[in-house]
Amino acid sequence: MILVLKPETSRESVEELCQWLTKAYGVQTSPIFGKSMTIVGLVGDTSSIPIEALEIQSAVERVMKVQEPYKRANRKFHPDDTEIRIGDLIIGGQRIVVMAGPCSIESEDQVRLIAASVKKSGAKMLRGGAFKPRTSPYSFQGLQAEGLEYMKQAKKEMNLPIVSEITNPNQLELFLDCVDIIQVGTRNMQNYELLKELGHIRKPILLKRGFANSINELLMSAEYIMSGGNSDVILCERGIRTFEDSTRYTLDISAVPVLKNRTHLPVFVDPSHAAGYAQYVEPLAKAAVAAGADGLIIEVHHDPIHALSDGQQSLTPAAFDALMSRLKPVADAIGRLM
Ligand code: PEP
Ligand code: MN
């Protein structure tokens, strides 16, 4: 349920109203002082609240029922786009943000080399997996804490914020220490115990869509994180499983405009995991930008053939550089900056 307040309502009256709502009906309130209007979102069991009791409040202009089960993630609760700040970097603003780096962190030199090259090409964040959720238990599982240490080093040397995937809440302390954005991978999108833990921290989360999950399920997973108090969630479309086997997954490009319509959260696209082949990464990246994505996360490796994971879909530093220059005119065409 959403209360649209009268334009002249003071902050004190909004606070008073919120306190009364919590006391009278046991609901949580989420006031948003937007550019064009002030609204109060009600979260919790609103079924017993008589609409007339709200409509007669002097500050209330209109009461709207929200049908969708996601509330805090819902654009109706928060009409303006959410912008997430990491130092000077703004995610979800006019500028499209590209995160790039290897699938797995393999060595100190590897991270350093790739970090320097992606930064030179215009990436604003470094990606790299330390805890790798592999399909086979016999595949490389990641350098784990040692890998994060190398990422931390590269972050310091290159002045590049970092994003890395968490697979278990018991890794949280390590991540809080050095990672700027914590990634939740496709396989953990519905790991609700992990999501609840991430709701209690103060660090942005990059939440990837489960490869067999609907857009609404993705939004409900975001809601798990947000309901714990962490509202800095970035959503990421990374391909879903379909009958088509020419690519590793099928990039659901329509998820971008649908998400932009349903939620105020920033929307990213990972063309690398969707494509599965380096040659398709560029066209998918361009399509994502054209469709309105706020950013991209792309795998880059200096020696893809010998990469310990996902080499087939990794761009070389030269291919990444070319992609970045060819993305710019696409961004220009839709009035975005790169
Ligand atoms: C990754 O980013 O390397 C990764 C494992 O992604 P996903 O969870 O989308 O497969
Ligand atoms: Mn990967």
Side-chain angles (χ1 to χ4, degrees), residues 97-106 110-111 114 118 123 125-137 139-144 147-148 150-151 162-168 171 175 179-191 194-195 198 204-213 215 217-218 221-222 225 233-242 247-253 255-256 259 267-278 280-281 284-285 288 293 295-316 320:
V97 172
V98 178
M99 307 170 177
C103 176
S104 295
I105 300 153
E106 299 169 3
Q110 177 239 23
V111 184
I114 298 173
V118 298
M125 283 193 69
L126 175 67
R127 64 146 287 148
F131 294 87
K132 295 304 301 177
R134 305 303 300 281
T135 304
S136 164
S139 300
F140 176 58
Q141 301 285 309
L143 293 183
Q144 313 203 349
L148 283 185
Y150 299 154
M151 281 286 271
I162 57 178
V163 53
S164 196
E165 178 175 354
I166 194 167
T167 55
N168 189 312
Q171 299 152 1
F175 278 74
V179 169
D180 298 281
I181 296 182
I182 300 179
Q183 177 177 327
V184 174
T186 195
R187 293 160 186 83
N188 276 308
M189 190 204 87
Q190 288 186 311
N191 181 341
L194 177 62
L195 301 181
L198 297 176
I205 309 297
L206 178 75
L207 178 65
K208 291 182 122 186
R209 178 179 180 183
F211 56 71
N213 285 116
I215 290 173
E217 286 164 342
L218 171 62
S221 289
I225 299 169
V233 180
I234 302 157
L235 303 170
C236 182
E237 161 61 35
R238 48 78 68 209
I240 51 174
R241 191 160 272 179
T242 68
T247 49
R248 186 175 177 190
Y249 294 91
T250 298
L251 182 67
D252 180 10
I253 200 74
V256 178
L259 284 168
V267 176
F268 269 52
V269 167
D270 173 348
S272 305
H273 289 86
Y277 300 96
Y280 303 135
V281 171
L284 296 188
L296 300 168
I297 179 163
I298 297 177
E299 287 186 339
V300 176
H301 198 284
H302 63 293
D303 183 10
I305 294 170
H306 296 108
L308 297 182
S309 61
D310 288 351
Q312 202 166 212
Q313 68 199 30
S314 297
L315 297 184
T316 60
F320 178 68

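Order of appearance sets the numbers: ligands from 1, and atoms from 1 within every ligand. Throughout, residue positions are numbered sequentially from 1 according to the sequence presented. Below, each value reflects all heavy atoms present in this structure, side chains not excepted, and no hydrogens, waters or symmetry copies.
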Query raised in the report: Which atoms from ligand 1 have a heavy atom of Gln183 less than 4.0 Å away?
Result: 1 (C), 2 (O)
Query raised in the report: So how far is it from Leu207 CG to Ile225 CD1, rounded to the nearest 0.5 Å?
Result: 5.0 Å
**Report entry** Vertex the Mn ion (ligand 2), arms to Cys103 SG and Glu299 OE2, rounded to 10°
**Finding:** 90°
Query - Given Thr186, Leu235, Ile240, the one that forms side chain to side chain contact (heavy atoms under 4.5 Å, CB included) with Arg209 - result: Ile240
Report task. Please could you name the atoms of ligand 1 that Gly185 approaches to less than 4.0 Å, counting only its heavy atoms? Result -> 8 (O)
**Report entry** Cys103 near ligand 1 by a heavy-atom separation under 4.0 Å
**Finding:** yes
Query - Short N or O distance, Glu299 and ligand 1, threshold 3.5 Å exclusive - result: yes
Query - Modelled atom types, side-chain donor and acceptor of His273 and Asp310, under 3.5 Å - result: yes
**Report entry** Taking atom 7 (P) of ligand 1 as the reference point, the nearest protein heavy atom with its distance
**Finding:** Lys208 NZ, 3.5 Å
Query raised in the report: Quick one: does Glu237's side chain have a donor or acceptor within less than 3.5 Å of a partner on Ala288's backbone?
Result: no
**Report entry** Asn168 and Gln171: side chain donor to acceptor below 3.5 Å
**Finding:** no
Query - Lys132, any N or O under 3.5 Å of ligand 1 N or O - result: yes
Report task. Output yes when the distance from some N or O of ligand 1 to some N or O of Asp270 is under 3.5 Å, and no in every other case. Result -> no
Report task. Starting from atom 4 (C) of ligand 1, locate the nearest protein heavy atom and write down its residue, its atom name and how far away it is, to 0.1 Å. Result -> His273 NE2, 3.4 Å
Query raised in the report: About how many Å separate CG of Asn188 and CD1 of Ile166, when rounded to the nearest 0.5 Å?
Result: 9.5 Å
Report summary line: re atom 8 (O) of ligand 1, the protein heavy-atom contact at minimum distance is Thr186 N, 2.8 Å
Report summary line: Closest to atom 3 (O) of ligand 1 by heavy-atom distance, out of Arg134, Glu165, Arg127, Arg238, is Arg127
